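Have a look at the structure below before the remarks.
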Protein chains: 2
Amino acid sequence: MHQNIVQAPLAPLDRQSSLGELAYESLKDTIIRGQCEPGTKLTVRSVAQALHVSTTPARDAINRLIGEGALVNLGPKTVVVPVLTMAVLDEVTKIRLALESLAAQEATPHVSEDDIAFLEDTQEKLNTALDERRYMEVLRLNKDFHFRIYDRSQMPRLVAMIESQWLRIGPSFNGLYPEFAIKRQGVANHQWALRGLKDRDPATVRAAIENDLRDGYRRLSNLVHARGD
Amino acid sequence: MHQNIVQAPLAPLDRQSSLGELAYESLKDTIIRGQCEPGTKLTVRSVAQALHVSTTPARDAINRLIGEGALVNLGPKTVVVPVLTMAVLDEVTKIRLALESLAAQEATPHVSEDDIAFLEDTQEKLNTALDERRYMEVLRLNKDFHFRIYDRSQMPRLVAMIESQWLRIGPSFNGLYPEFAIKRQGVANHQWALRGLKDRDPATVRAAIENDLRDGYRRLSNLVHARGD
DNA sequence: AAATGTAATTTGATGCAACAAAAATGTTGA
DNA sequence: TCAACATTTTTGTTGCATCAAATTACATTT
């Protein structure tokens with residue numbers, strides 16, 4: 001029995017860079033969107049078939065995602081999209097607090113007028129999307145907001161590490177409860193961060209981001225608890 | 001012209017788990033020991049030949065190490081052991097401060113009597129090795145000391161992230177200047193950390209580890225600067 | 001000599017087949 | 001009905017041939 005795990009939301013795989021790279025991007029995108037229900041088994045051959053490539057690029061993509069923690073190796077022949085447990089959420093949150101507050105703090109001196117304009121624009125769109133209950137877009141805009149700041153830290157390795165932490169949490173919620181991921185309270189934190197950026201005050205930006213993460217943690221931990229029924 | 005890049009210090013590759021896993025461990029060990037001079041090109045075929053495996057496991061190992069940042073992809077067909085620049089050292093140090101201070105702090109409440117005994121024993125051996133100028137062993141013992149603490153944080157993902165930061169710095173010094181990596185001042189920091197662990201005072205342990213990292217940073221940055229001649 | 005163009009070689013990527021390990025399935029016996 | 005066993009299928013791993021791209025070596029010209 002061949003499970004067709006990954007089919008609908010696949011990019012057509014235009015040929016630009018290597019197939020392994022494209023397979024990785026496509027698979028990652030599918031996972032981060034929550035299109036693969038956590039717990040779903042992934043096999044080399046099913047991924048290869050879904051992406052219309054041979055086993056080698058599929059294997060590469062899976063291995064890479066395992067390395068990032070976006071997939072986990074349960075048994076000897078079972079890789080799955082991990083189900084977020086309370087223990088993992090706690091650990092990832094602590095890691096995120098350490099990394100993202102560092103990025104926010106380091107970014108502050110390097111934020112330009114253009115960055116501020118982009119962030120204000122993004123926040124406005126975010127508010128609109130929130131009003132109109134377009135939650136998937138809210139998630140995307142929220143990510144844009146955060147990473148525009150982090151990018152300015154000029155610490156590319158740090159940004160990559162932060163991304164892989166988001167990749168650990170996203171799959172369990174983005175597809176299932178997008179409406180819970182962001183709420184009104186997040187807006188206040190973003191405004192607070194924007195104020196800190198304009199004032200070029202790293203401590204304020206840091207505090208605002210930390211508060212944003214803590215708020216998010218509370219909502220997510222409620223969901224994890226609720227799921228235990 | 002076939003450069004035999006990785007030859008002497010290769011483990012014989014006994015067959016226990018997958019070849020890819022063994023190739024990864026062997027190659028990683030070679031790199032971390034500084035046996036591959038930074039800047040050295042690695043090719044799939046040369047690694048495969050050195051490890052007496054086919055190209056597939058060799059490719060897997062290289063890809064995995066690229067993912068971890070232990071190897072970098074310069075050109076389209078050139079992966080090298082990265083040469084540590086000042087920019088990278090600065091970034092990695094900031095990341096390490098964030099991650100390792102978190103690990104030290106979280107570990108403190110979970111440290112047992114056995115852990116303390118191990119740490120004191122390790123520190124004693126470290127002092128001896130330092131006196132007898134067995135610097136490679138000093139490096140190993142220093143790593144044992146730090147990671148025994150970090151392990152107790154009960155945050156396995158965090159520990160893995162810390163390890164990959166060590167992997168970014170080690171290759172450029174362990175093989176070249178092992179005598180500079182640890183000095184007397186490190187001893188005081190370790191004793192300070194031990195005191196904090198015995199008192200179960202997370203703030204002290206955290207401060208001691210941070211100080212240890214900062215001392216290490218000063219020494220390493222001197223080396224990086226000196227190398228610019 | 002230095003620059004330039006061309007041929008030979010090296011190299012990563014990719015697909016594929018074979019194999020052994022592990023699951024899944026089916027069957028038997030109580 | 002369920003547990004234990006045997007069989008079939010699935011699956012990751014590994015090695016290898018092929019191909020196109022990239023690098024290197026070399027010859028030619030200025």
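In this text, all values refer to a predicted model and were calculated from it rather than measured experimentally. Side chains included, hydrogens not; waters and symmetry mates left out as well; all remaining heavy atoms used. Proteins come first, then strands; the chains are lettered A, B, ... in the order of their sequence lines, and each starts at number 1.
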Salt bridge between Arg64(B) and Glu21(B), side-chain N to carboxylate O under 4.0 Å?
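So Arg64(B) pairs with Glu21(B) through a salt bridge.
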Closer than 4.0 angstrom, basic N to acidic O: yes or no for Asp215(A) and Arg218(A)?
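Here Asp215(A) pairs with Arg218(A) in a salt bridge, since their nearest N and O are under 4.0 Å apart.
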dT14(C), OP1 or OP2 - any side-chain N/O from Thr56(A) closer than 4.0 Å?
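So the side chain of Thr56(A) is outside the cut-off, no N or O lying under 4.0 Å from OP1 or OP2 of dT14(C).
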Phosphate oxygens OP1/OP2 of dG12(D): is one of them under 4.0 Å from a side-chain N or O of Arg59(A)?
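Checking dG12(D) against Arg59(A), no side-chain N or O comes under 4.0 Å of OP1 or OP2.
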Between [atom2] of [N] and [atom1] of [X], the distance in whole Å:
{"X": "Asp60(B)", "N": "dT14(D)", "atom1": "CG", "atom2": "P", "result": "8 Å"}
{"X": "Tyr24(A)", "N": "dA13(C)", "atom1": "OH", "atom2": "C1'", "result": "18 Å"}
{"X": "Asn73(B)", "N": "dA22(D)", "atom1": "CG", "atom2": "C1'", "result": "13 Å"}
{"X": "Leu42(A)", "N": "dT10(D)", "atom1": "CG", "atom2": "P", "result": "18 Å"}
{"X": "Leu74(A)", "N": "dT11(D)", "atom1": "CG", "atom2": "C1'", "result": "15 Å"}
{"X": "His52(A)", "N": "dC16(C)", "atom1": "NE2", "atom2": "P", "result": "14 Å"}
{"X": "Leu22(A)", "N": "dG15(C)", "atom1": "CG", "atom2": "P", "result": "11 Å"}
{"X": "Glu21(A)", "N": "dA13(C)", "atom1": "CD", "atom2": "P", "result": "10 Å"}

Quick one: do the Asp115(B) and Ser112(B) side chains pair a donor with an acceptor below 3.5 Å?
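Yes, Ser112(B) and Asp115(B) have a side-chain donor paired with an acceptor closer than 3.5 Å.
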Take Pro76(A) and Pro57(A), find for each the nucleotide of DNA chain C with the closest heavy atom, and name the residue whose nucleotide sits nearer the 5' end.
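Nearest-nucleotide comparison on DNA chain C picks Pro57(A).
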Earlier contact from the 5' end, DNA chain C, for Ser54(A) and Val44(B)
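Nearest nucleotide further toward 5': that of Val44(B).
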Looking at dT11(D), dA24(C), dT14(D), which one has an atom nearest to any side-chain atom of Lys41(A)?
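Ranking dT11(D), dA24(C), dT14(D) by closest atom to the Lys41(A) side chain puts dA24(C) first.
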Less than 3.5 Å between a donor and an acceptor, one on the side chain of [X] and one on the base of [N], is that the case here?
{"X": "Lys77(A)", "N": "dA21(C)", "answer": "yes"}
{"X": "Arg45(A)", "N": "dG12(D)", "answer": "yes"}
{"X": "Thr55(B)", "N": "dG15(D)", "answer": "no"}

For the pair His190(B) and Phe145(B), name the ring-plane relationship: parallel under 30°, tilted 30 to 60°, perpendicular over 60°.
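Parallel: the ring planes of His190(B) and Phe145(B) meet at under 30°.
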Under 4.0 Å, counting only non-hydrogen atoms across every strand here, what does Gly75(B) touch: a base, just sugar-phosphate, or nothing?
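It contacts nothing in the nucleic acid.
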Can you confirm whether Trp166(B) sits close enough to Ile32(B) that some side-chain heavy atom of one is under 4.5 Å from a side-chain heavy atom of the other?
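The answer is no, as the side chains (C-beta and beyond) never meet within the 4.5 Å cut-off.
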